[in-house]
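Report on one structure; see the data block that follows.
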Amino acid sequence: MKSPFEKEKFKTDVKDALKILYRKNLDEATRQEVYQAVAYCVKDVIIDHWMATQEEVRKKDPKIVYYMSMEFLMGRALGNNLLNLTAYKEVKEALEELDFDLVSVEDEEPDPALGNGGLGRLAACFLDSLATLGYPAYGCGIRYRYGMFKQQIQDGYQNEVPDNWLKNGYPFELCRREYAKEVRFGGYVKTIDDGHGNVRFVQEGYQAVTAVPYDMPIVGYNNGMVNALTIWDAEPIEVFQLDSFDKGDYKKAVEQENLARNLVDVLYPNDNHIQGKELRLKQQYFFVSASVQRAIARYKKTHPDLRRFYEKAAFQLNDTHPTVAVAELMRILVDEEGLSWDEAWNVTTKTCAYTNHTIMAEALEKWPIEIFSRLLPRVYQIVEEINRRFILDIEKKFPNNPKMIEKMAIIYDGQVKMANLAICAGHSVNGVARLHTEILKNQELHEFYEMFPDKFNNKTNGITQRRFLLHGNPLLASWVTERIGDDWITNLSHMEKLAIYAKDKKAQHEFMNIKYQNKLRLSEYILEHNGVEVDPRSIFDVQVKRLHEYKRQLLNILHVMYLYNKIKENPSMDFYPRTFIFGAKAAAGYKIAKLTIKLINNVAKVINQDASIKGKIKVVFIEDYKVSNAEWIFAAADVSEQISTASKEASGTGNMKFMLNGALTIGTMDGANVEIVEEVGEDNAFIFGMSSDEVIAHEQARDYDPMEIFNTDQEIRQVLMQLINGYYSDNDTEIFRDLYNSLLNTQSTQYADTYFILKDFRSYAKAQEEVEKAYRDERGWAESAILNVAHVGKFSSDRTIEEYAKEIWELEKIKVLKIK
Ligand SMILES: *Cc1c(COP(=O)(O)O)cnc(C)c1O
């Protein structure tokens with residue numbers, strides 16, 4: 001059989017698709033239309049693989065993992081699908097013959113930004129790894145009509161613009177209306193006694209919506225496997241489906257229509273922070289209920305006994321957001337399938353597992369009983385019963401110890417605590433980096449660890465090298481393949497073989513030249529999108545991630561201000577030119593975060609315009625940081641800024657993407673940085689600042705006073721005064737006062753400088769001096785950069801997924817016959 005991507009055939013297919021889709025010839029088509037036509041042809045091939053995978057699943061009846069997540073930050077699909085189908089090169093050449101450039105065609109695709117940051121991107125990397133490793137899996141999520149907002153910078157401020165990603169139609173999704181499910185909210189629970197002591201519980205007077213699944217194919221790398229991400233859309237119940245009583249109820253019909261309309265409109269734009277909004281709880285129950293229903297329906301098609309459901313299904317809860325799955329599974333098993341409580345509980349605990357992503361207090365999900373019980377009356381009763389039994393267990397294990405109940409009860413103080421429910425009801429609790437898991441066991445979840453020591457385990461995060469090197473950095477990917485072969489694409493530990501080239505002069509030279517080419521590519525992007533000219537020969541020092549106080553972008557920009565003062569004071573000072581690159585979205589309601597963006601942009605404006613410093617420092621804020629531009633940013637980075645307050649960043653995954661692309665880390669001993677340094681060696685990274693133990697000790701003793709630093713360190717004081725003397729704000733002394741206060745004024749916040757920015761400042765500045773010194777040693781730098789790539793193996797999401805599959809899910813691989 002001819003390859004579906006054989007050039008002549010593919011060219012004809014694209015032309016045919018343009019006719020079918022748009023009634024156009026190639027020369028009349030817009031670039032968007034060409035993108036749609038190419039995607040159409042690629043999807044056609046994917047569907048053959050998809051059906052073959054389904055057939056194999058039907059034959060082998062393997063256990064399936066359902067990765068439940070409110071967020072999937074997928075990035076663009078076209079290029080990634082082509083690479084995983086190993087057809088990128090063929091298609092690129094075919095399009096060239098049609099006078100189109102594949103990269104510009106890819107640029108027509110919107111980023112399906114159905115996530116905020118790291119948590120959502122992790123889910124996307126996991127799906128790529130699951131398919132590539134041959135594990136049958138479904139992602140379960142929400143088809144938000146508006147994804148993460150688009151960020152525009154106006155006068156230095158962030159503006160949020162709706163991201164209408166479905167505007168042109170999204171080619172890589174398939175509506176599966178035949179699997180629609182009904183999801184019910186509100187009403188009350190009616191108890192029906194059959195007179196023989198059997199009680200049934202029925203929800204009545206509820207409002208319902210129809211959950212309609214859209215499946216996005218997830219293509220494994222070169223293995224014929226296609227899994228799916230199922231994202232649920234909400235539609236009003238068709239009127240003819242309503243029962244006769246409801247049919248006449250116009251008010252109810254309108255309410256149900258509105259419920260469906262609003263339910264999946266927006267993704268809440270918070271990262272590591274929960275807004276206790278009723279609509280958010282509705283979204284959670286909506287996609288979880290639909291996903292659990294679909295998993296059970298799939299199981300029941302070929303299996304008679306739901307008491308063995310866990311043998312064929314695993315639910316992984318990505319943070320507490322989908323935790324209501326626990327109670328929904330219990331509800332269906334007990335109320336609808338007639339299992340006893342104990343039978344259902346046995347199934348539920350063996351099916352569910354929970355991943356913790358943070359120790360930040362403001363990210364812990366708690367729902368007021370009033371909201372939870374009103375919205376989910378039957379589910380709430382089930383949570384009450386789980387809680388009642390759990391408290392008996394706690395009392396048995398820790399007699400006369402009310403503290404333990406206070407800490408672990410699921411319902412306490414008028415609130416339903418979702419983490420407590422997830423830990424009680426799941427068989428596994430994992431942190432996302434070694435340090436993070438240790439902090440969970442010893443601090444945040446210590447009581448739970450005493451109660452259930454065997455549930456706790458670590459799964460250090462990872463990233464997919466297919467997207468973040470093979471696709472994002474084709475020059476380096478080819479260079480690596482030329483030297484060590486292409487095994488690294490599916491087994492990143494092979495990168496180790498690069499280590500022998502670290503000291504090789506020619507290899508160093510080639511490596512640095514590729515880095516230069518990537519810096520050139522990013523410079524052009526920055527010029528086009530930001531209108532700022534940067535020098536690709538300068539050090540590209542990059543901090544891209546969500547804007548959050550704990551991530552300390554403020555530390556970075558204060559340090560830039562400090563350097564600028566130094567150069568101004570001593571213009572002839574020896575200073576290696578550096579471009580400080582930032583990219584970050586702030587939650588729309590997070591004032592201090594948005595003000596930090598404004599500060600970065602104002603500092604950029606002053607410094608970039610100051611000819612007297614001869615371009616020694618440039619500051620760039622890249623608008624609208626997202627997966628597609630992230631790929632280019634990592635490829636171009638020399639320095640990776642991972643400077644969170646120790647203990648606060650659970651893992652980080654940006655740190656790993658930088659490492660994969662040969663950037664050197666400047667960072668604290670936090671999250672996965674600890675393991676990165678362990679792999680690459682301290683000599684090839686720049687570590688500074690307090691340890692997590694020191695941070696935790698200061699937090700507990702409450703003995704840190706930033707005023708002491710302000711009073712004794714004249715250079716830091718100068719920088720802080722520049723926040724309130726109008727230096728970076730056209731003499732407006734008030735704009736940045738909240739930032740100043742957050743660092744020094746105990747009245748404005750609970751504690752001044754909660755994130756120890758001033759405390760770590762000197763040690764950060766020192767580490768930055770070391771960076772400059774190291775960069776001046778061209779060969780030494782190249783050696784370190786190559787060693788970063790060589791030692792990145794551990795941080796592939798393939799490794800992470802193998803650990804989940806073996807230690808939590810007990811999955812087995814399947815093999816799909818390749819059709820080609
Ligand atoms: C990897 C990634 C993140 C997470 O970055 P961290 O530095 O780990 O916080 C956020 N957003 C995008 C677009 C990413 O690709």
Side-chain angles (χ1 to χ4, degrees), residues 69 71-76 80 110-128 147-151 163 165 267 269-273 318-319 357-358 360 363 432-433 435-436 460-469 471-473 541-553 555-556 581-587 593 622-637 639-645 648-661 663 665-668 670-676 792 795-797 800:
S69 178
E71 304 186 15
F72 287 90
L73 195 53
M74 298 302 288
R76 291 171 177 158
N80 202 250
D111 277 51
L114 310 182
N116 275 288
L119 174 146
R121 184 55 231 175
L122 183 77
C125 284
F126 280 4
L127 294 183
D128 182 80
M148 193 63 213
F149 62 81
K150 281 196 192 308
Q151 179 190 58
D163 168 26
W165 69 288
L267 161 70
N270 300 304
D271 189 71
N272 270 303
H273 182 90
N318 196 23
D319 211 325
H357 281 272
T358 184
M360 305 284 293
V432 290
L435 174 68
H436 169 60
T460 297
N461 282 167
I463 53 158
T464 169
Q465 65 270 28
R466 267 91 51 195
R467 180 174 294 271
F468 291 108
L469 186 57
H471 186 259
N473 194 345
D541 179 318
V542 187
Q543 187 173 20
V544 287
K545 46 183 75 250
R546 282 301 292 262
L547 213 137
H548 207 297
E549 285 165 283
Y550 84 81
K551 291 176 182 283
R552 298 201 294 193
Q553 283 92 351
L555 172 60
N556 187 343
I581 296 171
F582 294 83
K585 290 180 182 178
I622 295 181
E623 197 175 67
D624 204 35
Y625 176 57
K626 55 185 171 182
V627 175
S628 57
N629 57 28
E631 293 178 29
W632 288 24
I633 294 169
F634 299 127
V639 179
S640 161
E641 296 268 356
Q642 309 300 337
I643 61 178
S644 54
T645 311
K648 304 296 179 195
E649 186 76 273
S651 165
T653 50
N655 45 7
M656 303 168 187
K657 302 168 199 165
F658 280 104
M659 183 187 190
L660 178 66
N661 284 276
T665 303
I666 180 167
T668 49
D670 198 18
N673 296 353
V674 176
E675 290 160 75
I676 285 178
V792 78
F795 304 105
S796 169
S797 46
T800 314

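Both ligands and their constituent atoms are indexed starting at 1 by order of listing.
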List the closest protein heavy-atom neighbour of atom 7 (O) of ligand 1: residue, atom name, distance to the nearest 0.1 Å.
-> Lys545 NZ, 2.7 Å

Chi angles and distances behind the side-chain contact (heavy atoms from CB on, under 4.5 Å) call for Leu435, Asp670 = CA-CA 7 Å; Leu435 174 68; Asp670 198 18; 4.0 Å; yes

Nearest heavy atoms of Cys125 and Thr464, plus distance in Å = SG-N, 3.5 Å

Side-chain donor-acceptor contact under 3.5 Å, Tyr550 with Glu649 | yes

List every atom of ligand 1 that sits less than 4.0 Å from any heavy atom of Gly652, numbering the atoms from 1 in the order shown and giving each element.
-> 8 (O)

Would you call Arg467 and Asp128 a salt bridge, taking side-chain N to carboxylate O under 4.0 Å as the test?
-> no

Locate the shortest heavy-atom distance separating Ala123 from Asn318; write the atom from each residue and the value.
-> CB-ND2, 4.0 Å

re atom 11 (N) of ligand 1, the protein heavy-atom contact at minimum distance is Tyr625 CE2, 3.5 Å

With atoms numbered from 1 as shown, which atoms in ligand 1 lie under 4.0 angstrom from a non-hydrogen atom of Gly118?
-> 3 (C), 4 (C), 10 (C)

Judged by modelled atom types alone, do Lys551 and Gln543 share a side-chain donor-acceptor pair under 3.5 Å?
-> no

What do you reckon, does Lys657 put a non-hydrogen atom under 4.0 Å from ligand 1?
-> yes

Tell me, please, whether Phe634 has Lys657 positioned over its six-membered ring: NZ or CZ under 6.0 Å from the ring centre and within 45 degrees of its axis?
-> no

Hey, does Glu649 come in under 3.5 Å of ligand 1, counting only N/O atoms on both sides?
-> no

Looking only at distance, does Leu73 have an N or O less than 3.5 Å from an N or O of ligand 1?
-> no

Starting from atom 8 (O) of ligand 1, which protein heavy atom do you reach first, and at what distance in Å?
-> Thr653 N, 2.8 Å

Of all protein heavy atoms, the one nearest atom 5 (O) of ligand 1 is Gly654 N, 3.8 Å

Are any of the N or O atoms of Lys551 closer than 3.5 Å to those of ligand 1?
-> yes

